[in-house]
Amino acid sequence: MASQPAQKPVVNRGIVKQVLSGDAVIIRGVPKGGPPPEKQICLSNIVSPRLARRANPNIENSVETSDEPYAWEAREFLRKKLVGKEVAFTIEYVVPGSGRAYGCIYLGKDTEAENVTESIVAEGLVEVRRGGIKPSDDQTKLIDLEDSAKSAGKGKWAKDPDNGRVHRNIKWSAENPRNFVDSFHHKPIDAVIEHVRDGCTVRAFLLPDFHHVTVMLSGIKCPMFKREEDKEVPEEFADEAKYFTESRLLQRDVKIILEGVSNANYLGTVQHPNGNIAEFLLNEGLARCVDWSMGVVTTGPEKLRKAEKAAKDKKLKLWKLYEPAPAIDIAEKNLSGKVVEVVNADALVIKTTEGTFRRINLSSIRPPRLGPFGEEQPKSERRIRPLYDVPYMFEAREFLRKKLIGKKITVTVDYIKPANDGYPEKTCATVNVGEINVGEALVSKGLATVVRYRMDDDQRSSHYDDLLAAEQRATKNSKGLHSKKAPPIHRVADLSGEPAKSKQFLPFLQRAGKSEAIVEFVASGSRLRLYIPKETCLITFLLAGITCPRSARTGPGGPTAGEPYAEEALQLTKELCLQREVEVEVESLDKGGNFIGWLFVDGINLSISLVENGLSKMHPTAERSNYFRELQAAEEKAKGASMKVWENYQEPKETPLIEETERKTNYKRVFVTEVGSELDFYAQHADTGSQLEQLMDQLRSELKASPPLPGAFTPHPGGLCAATFIDGQWYRAKVEKVTANTVSVLYIDYGNREETTAVQLGALPPAYHSLPAQAHHYHLACALLPTDEEFHLDAVTAFKRDVLNNQFLLNVEYRVGQLEYVTIQVQEKQGDVAAGLIADGLVLAEKRRERKLAKLVTEYIKAQDAAKKNRLNIWRYGDITEDDAREFGFNA
């Protein structure tokens, strides 16, 4: 009976997934609806050197082993030749019990292709098993190949076994992972992926030093495997994500960028030859972006976010139930406007280009919160003021206030947070001033933190990753909220509604003259709440000198309607000074503990500005102030234009004036203190002389007791001050001009002007502002100076000699605008100064036509005619008023 031919082994096909050693390979099949089946094949008839192993902490007496000679070379030979390639393989036998399969692998589609076992034996990297009575044909061929390798001195059969061999000194762990990461400076490192734990976690050898690292992909997270009762239960799509990563990375040559540390693992980016594996996972919907590690991604988060968005839009895998957030109308998405208010530390009120007011919250920003300091305070004992009591809230608000108030900004709306739990709807946006992202700047200073979201929550800032990076920098540099130092404490005295406390602060504020302040709140056009940094107090401030329309109020008797234009006055005051740095000049205090005075913003008197715009009227008390004339002019201008509160104003009907025919006399005794160059002079009234002396004594005593610090006073044109004269005494003065080195002042009680320096000046206590200037300015009536310079000088010298420092009787004869023209004489109806100057031929008589002045003018002309006749002074060469120069071609 003839023997049957040997049955040919079944040829299988697959793709090499992994090479375990020089004689063991894992082959996977074709995926069908999920990860494919796998099979481990050991190469028949050969033995490979063993690779190094790490000590297993779960096994007693387990020790670390090193590579046997050429174990790594054998593994690498097969890895580079087979991994990811399609192969054919046959199984010769399976070991009973263990199920281990032995066979041959062919690098092709059938057994005619390259025999991998023969190739590795020919390289001298493995040994052939020589046992058995009669070797098979395959075994005989392997023995022949091994003998050839020995003869050629290949691989482990080389005469010098160490020649060309890789000696691996594996570093299974690093003593300081953080320093280890920093040592590479974010540069790509050659690596081989040894194991894929899940879709986003791999183990690798870093070449050429063989550091063994576990790397979690930065910026993403794949579905994981959870352990339940000693079994690993995959989350949905966990197997697919792991297979996706394995099929592309396992035992491939890659580049790894180490970017951070998380517990015992490293954070990094794995660069596949075709790109970043994290992007591919996101594109397939097999991973999500995670914020906690996104900040360390060296290539930037933009590509990862874009890949995730593409998967969301297609609703791939993890995003199959994804519903995008409601789209924002394109017209509402981009805004621009001017910042008028900063609300705490995360919201702004802007005035848009259309003139409307919008409240904008900074996207994904969490302002400072109340810490242990606030929690320790019983609610019944202490009212919490967030701006001053919440650590770093004041610093955050001040940072935004100084950067933004009054500035033009651009707003990109990111999302709209609907009303919830009694909180109104919020428009959350990214705000830019110039090229600066305001939220990012705030976070980088450590004055706010970034809100953390669920991975599937798209309601976040469009620059969320920039915010996370800024927070990371602030944390690293221990700034603001991240500092280990105690937070700053702001002890602010609130004087609002506290008359007793306000009285204690009043002298300090009055003595300070103009004080710097910040407008915290505007209640109405003329009522504001101010923070005074120097005195660390909060005050209610009322504008002096005006009556402003009252705003609508809700009082004990119910709500009361606002007066017309009250809202416009409120808005004007808000736009001019809300949250701006201003100067205030406190004058007095009312019964409710409210301070009354003048407020200046950028040099503009707010009271005058309101009157100019027709939103307030001048109050009678303004007549006693230094700003009376300016307020009066502003009110006249608003009246003339029928603006706002003056819209129904009608000018009083003028009654016909009956020209006076009789000159009236009402003599006042005056003392001339200063003489000008245009027949003008300053004089003090005798009836207020004692009052002035008393005022001067009090002023000098007060300034002697607490002298002003030299250089502490900053002079401003138009402001009152105390100034020293050459006699070393203090006098009231008004600043007229300020230059780099000198200050021009007018001594308001004497009329003389001087050039002095700022160190010779001091703040005039407000109590000495009330008495009007005692030097009254007058001009000599019905008298004219000659035009010739020499005659002009003679006349002024004579006038000064006759009147300076002398007492006279003064009578106002007429007014030209604001100027008063007077006659002065030594006694009633005797010693008229103007008549004496005319009679001496020093000045000319003015021929005025008022009937009441006819008699006076006639007397002056008679005196002038007598001087002409006697050729006195200006008349010595004839009549200077005659037009006798025509013959010389001169027209007078």
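As a basis for the values below, the full set of heavy atoms in this structure was taken, side chains included, without hydrogen atoms, waters or symmetry mates. This one's a predicted model, so the numbers in the text were calculated from it and none came from an experiment.
- Counting non-hydrogen atoms of neighbouring residues, nucleotides and ligands closer than 6.0 angstrom, the CZ atom of Arg54 exceeds 12 such neighbours.
- Remark: Lys320 is not positioned above the aromatic ring of Phe237, lacking an NZ or CZ atom under 6.0 angstrom from the ring centre and at most 45 degrees off the axis.
- A salt bridge does not link Glu73 to Lys156: none of the charged nitrogens lies less than 4.0 Å from a carboxylate oxygen.
- Residue-environment remark: NZ (Lys150) exceeds the threshold of 12 foreign heavy atoms within 6.0 Å.
- In Asn263, the CG atom is not crowded: 12 or fewer heavy atoms of neighbouring residues, nucleotides or ligands sit closer than 6.0 Å.
- Just one of Leu316, Leu318, Ile220 meets the side chain to side chain contact (heavy atoms under 4.5 Å, CB included) condition when paired with Leu282; it is Ile220.
- Atom NZ of Lys171 has more than 12 neighbouring heavy atoms from other residues, nucleotides or ligands inside a 6.0 Å radius.
- Salt-bridge check for Glu471 with Arg366: failed, with every basic side-chain N at 4.0 Å or more from each acidic carboxylate O.
- Of the N and O atoms on the side chains of Tyr453 and Ser364, at least one donor lies less than 3.5 Å from an acceptor on the other residue.
- When all heavy atoms of Glu68 and Pro49 are compared, the pair lying nearest together is OE1-CA, 3.4 Å.
- Ion pairing of Glu86 with Arg13 is absent here, as no side-chain N (NZ or NE/NH1/NH2) approaches a carboxylate O to less than 4.0 Å.
- Aromatic ring orientation, Phe184 versus His211: perpendicular (interplanar angle above 60°, classes split at 30° and 60°).
- To the nearest 0.5 Å, atoms CG (Leu258) and OG1 (Thr298) are separated by 10.0 Å.
- Not a single donor-acceptor pair under 3.5 Å links the side chain of Glu194 to the backbone N or O of Arg203.
- By the neighbour-count criterion of 12 heavy atoms within 6.0 Å, atom CG of Leu207 is densely surrounded, having more than that number from other residues, nucleotides or ligands.
- A cation-pi arrangement is present between Arg248 and Phe244, with the terminal nitrogen or guanidinium carbon under 6.0 Å from the aromatic centre and inside a 45° cone about the axis.
- In summary, Asp198 and Lys221 do not engage in a salt bridge, as defined by a charged side-chain N under 4.0 Å from a carboxylate O.
- A salt bridge links Asp147 to Arg130: one of the charged nitrogens lies within less than 4.0 Å of a carboxylate oxygen.
- In this structure, Ser478 contributes its side chain and Ala474 its backbone to no donor-acceptor pair below 3.5 Å.
- Salt-bridge check for Glu240 with Lys317: failed, with every basic side-chain N at 4.0 Å or more from each acidic carboxylate O.
- Ion pairing between a basic and an acidic side chain is recognised when a charged N comes within 4.0 Å of a carboxylate O; Arg227 and Glu232 show such pairing.
- Legend: residues meeting salt bridge (Lys or Arg N to Asp or Glu O under 4.0 Å) with Asp190, ordered by chain and number and at least two apart, are Lys255.
- Taking every heavy atom of both residues into account, Ala191 and Ile256 meet most closely at CB-CD1, 3.6 Å.
- Taking 4.0 Å as the cut-off between side-chain N and carboxylate O, Asp291 and Arg305 count as a salt-bridged pair.
- Counting heavy-atom neighbours within 6.0 Å of Arg452 CZ, excluding the residue itself, gives a total above 12.
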